[in-house]
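Just below is one structure, and these are the notes that go with it.
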Amino acid sequence: MSKDLLFEIGLEEVPARFMRTAIAQLQERVVKWLDASRIAYGEVNAYATPRRLAVLIHNVAEKQEDIEEEVKGPSRKIALDDSGNWSKAALGFARSQGVEPDQFTFKELNGVEYIYATKSSKGVETASVVGEGLLSVLHAMTFPKFMRWASYDFKFVRPIRWIVAMLGSEVIDLEVTGIKSGNVTRGHRFLGKEAVISTPSSYVEVLRSEHVIADIQEREQMIVSQIQALAAEKKWDIAIKEDLLEEVLFLVETPTVLFGTFDSSFLNIPQEVLITSMREHQRYFPVLDNEGQLLPFFVTVRNGGSDSLDVIAKGNEKVLRARLSDAKFFYEEDQKLQIKDALSKLESIVFQEELGTVGDKVRRIRKIADGLATKLQVSGDVAESVSRSADICKFDLVTLMVGEFPELQGVMGEDYARKAGEKEEVAKAVFEHYQPRFAGDQSPASLVGAIVSAADKMDTIVGCFSINIIPTGSQDPYALRRQAAGIVQILLDHKLPLTLSDVFGVALQVHAQMNLLKRADEEVRKDLQDFFGLRVKKLLSETVRYDVVDAVISSGFDDISAVVPKGEALMAAVMTGDAFKTTVESFNRVGNLAAKASNASVHPELFTEDGERQLHEAWSKTNAEYRQALTQHHAAEALAIASAWKDGITSFFDSVMVMAEDEAVRANRLALLAAIDRDLKGFADFSKLVW
């Protein structure tokens, strides 16, 4: 026999950003309690609105499962004294397991006899334990922020106003902060009323009748479909940003989409400003035309029905006008600020206590960017743009607009720089130097932006590493992992002829010149190498197998542009199966014996067997071509050349005794294998491949 279980926690409105993890946590904790309590159950559904967290569990067994458990105790030697009586250890074990000593049995384990106690436990009625279980779940819930209310010591995300706890049609008795459980839920705050739930399975429909859409996916689909219908009707492109949709989803219980308008004169402000103001302050969805240009409309979601939508729209329009007027004021005031004056204000903003102000950081970015530009041998015009972009890349941090909307840093800098008469490539680089901002974001489109972006990120990483701020576990307050990944992405996307050592070296030199290195250069460089190695591994792991990653990383990853094509080429070869497996086996035979070689060079005049002559000829004819292919990052070509050595290697091992008695002959044969192995190791350590 089974019954459905319903547990609903009614609350004051919970912040939307807490909801997704809160309902997942409630579901997980209830399920874990059922599992731990040996109570069988069926399908589990979770529901959440701004005012409630609920789980509905179908087919919950009415009784716990009976168990019979065998527990191992002390060995026979310890359990019995010299007279054959039970020892204190055996008697203590009996008490701890709730059994009598005469119930013990002996069993052998690994040649030693132990006593065993068999414990039987009869399952109790679910109804007798579920109340205590749900209460324990409630007390165990955690949130980013807690509240206390009235005089209670109990803490929760928001004050609890009602609790529904039912097993079948029966109410489960529990109480917290003076709130007793029942079978009465509450509908929409304004449109609904209290409603009695007769059975847990009727929960969703009871709430629907009280203007609450409890199902999260259903509510989301209602919002999206209404927005899409409006877009089709008006021939608009309504930008649905996932994080905004997620927030709106947990702000409403009955969603109704509506639109409003704003004065088109506000369109003179950059549309990024208007969109940010609408999204961040009002939770509005912006409306675009077919070319991606902002239109003087907005879309919002009402928590209620379709009555008086025109009145609601006008109220929203009034609020938005005030917001956009503020944005317009900030925008106009910012343009009165000269870039040189903005830069002087950066001297009073602390970047990091030991690394100085943002002004200090800008000067380091300039030096690092200039150093990278020199290594890249860019043209004079590009070098000039790099220097100017680095000089002004952070000036917009002191503007009113960025102060109001920090996410617009770079966006406003580009606009203000362009209006101040800066060159187009400089203005663009002010925006681009923040890219990539997150995983999946684009790299800077321009070379100038790429150089300044790499310089900015490398300055932060080297600065933090030099003062021993190195990410550990989940702790990464300066987002150093993201910034390292950004540098790797820039080097790859722009195919910059820079090694990681080049980038490290320029940044370390600048920090040393400014007396900021608190640790030895070599120590910091090693930590940087290890840190970036993990980023490169993660990048490769997105497209190739783990053993292929290990194989190519083992050959070195300083030249980022070479690592990725090697990983792709090796993965493609591995996927061919047995044909390539035999090639790898021949490579590994070479490597195994090459380890015995000294550093002696190969002397062809010492060859005495056709097999060694043929191998030397096959290798020496193409090894220069092989190395050139690697240098030019033509990994597939290089691997094909190396694979052609396989027949020579096989013939060599079939016909030649490598460990010859003649010391000179033996050393020469080992030297040949070592030379071939060095070439192969330049591509990958093939011994790390798993078949």
Side-chain angles (χ1 to χ4, degrees), residues 339-340 342-376 378 382-398 409-410 413 417 426 429-435 437 444 447-471 477-484 486-488 490-491 496 498-525 527-528 531-532:
I339 290 180
K340 61 180 177 62
L343 293 174
S344 66
K345 292 184 178 182
L346 295 179
E347 305 299 334
S348 59
I349 302 175
V350 175
F351 168 65
Q352 202 282 334
E353 186 177 357
E354 295 184 65
L355 299 175
T357 65
V358 176
D360 294 325
K361 177 174 176 58
V362 167
R363 283 183 283 277
R364 295 195 300 272
I365 294 172
R366 161 72 184 271
K367 287 179 178 293
I368 295 171
D370 285 347
L372 296 177
T374 299
K375 281 192 173 292
L376 290 168
V378 301
V382 171
E384 182 182 329
S385 294
V386 166
S387 295
R388 181 58 180 167
S389 302
D391 279 337
I392 69 171
C393 65
K394 303 292 184 186
F395 84 92
D396 65 340
L397 295 182
V398 300
Q409 60 186 3
V426 171
V430 171
F431 167 75
E432 290 178 338
H433 93 281
Y434 286 106
Q435 295 178 305
R437 297 170 183 250
L447 177 60
V448 174
I451 292 172
V452 178
S453 176
D456 178 23
K457 293 171 173 58
M458 200 66 238
D459 171 71
T460 302
I461 296 170
V462 167
C464 288
F465 272 55
S466 72
I467 58 176
N468 223 25
I469 297 178
I470 301 174
Y478 289 89
L480 302 185
R481 293 187 183 95
R482 176 173 56 79
Q483 298 197 57
I487 292 172
V488 170
I490 289 168
L491 292 176
L496 297 180
L498 289 171
T499 64
L500 287 175
S501 295
D502 290 334
V503 182
F504 298 164
V506 171
L508 285 165
Q509 183 179 15
V510 169
H511 278 253
Q513 289 171 351
M514 303 181 93
N515 296 317
L516 291 173
L517 284 184
K518 309 298 183 186
R519 301 165 61 210
D521 179 290
E522 298 79 8
E523 188 180 344
V524 176
R525 193 181 293 267
D527 286 343
L528 289 171
F531 186 64
F532 273 79

Min side-chain heavy-atom separation Q409-L397 under 4.5 Å
yes

Salt-bridge contact D456-K394 (side-chain N to carboxylate O under 4.0 Å):
yes

Would you say K457's side chain and Q435's backbone share a donor-acceptor pair under 3.5 angstrom?
yes

Would you call R363-E347 a salt bridge at under 4.0 Å N-O?
yes

Look only at the side chain of H511 and the backbone of L508, and say whether a donor-acceptor pair between them is shorter than 3.5 Å.
no

Using a distance-only test with no angle check, is there a side-chain donor-acceptor pair under 3.5 angstrom linking T357 and D360?
yes

Closest heavy-atom pair, I365 versus A390, reported as atoms and distance to 0.1 Å, is CG2-CB, 4.0 Å

Does the side chain of R364 come within less than 4.5 Å of V462's, by heavy atoms?
no

For the backbone of S466 and the side chain of E354, can you confirm whether one donor and one acceptor N or O come within less than 3.5 Å of each other?
no

K367, NZ: over 12 other non-hydrogen atoms inside 6.0 angstrom:
no

Give a yes or no on whether the backbone of F504 and the side-chain of R525 come within a donor-acceptor separation of less than 3.5 Å.
no

Give the C-alpha distance, both sets of side-chain angles, the deciding distance and a yes or no for side-chain contact (heavy atoms from CB on, under 4.5 Å) between V382 and L447.
CA-CA 8 Å; V382 171; L447 177 60; 4.2 Å; yes

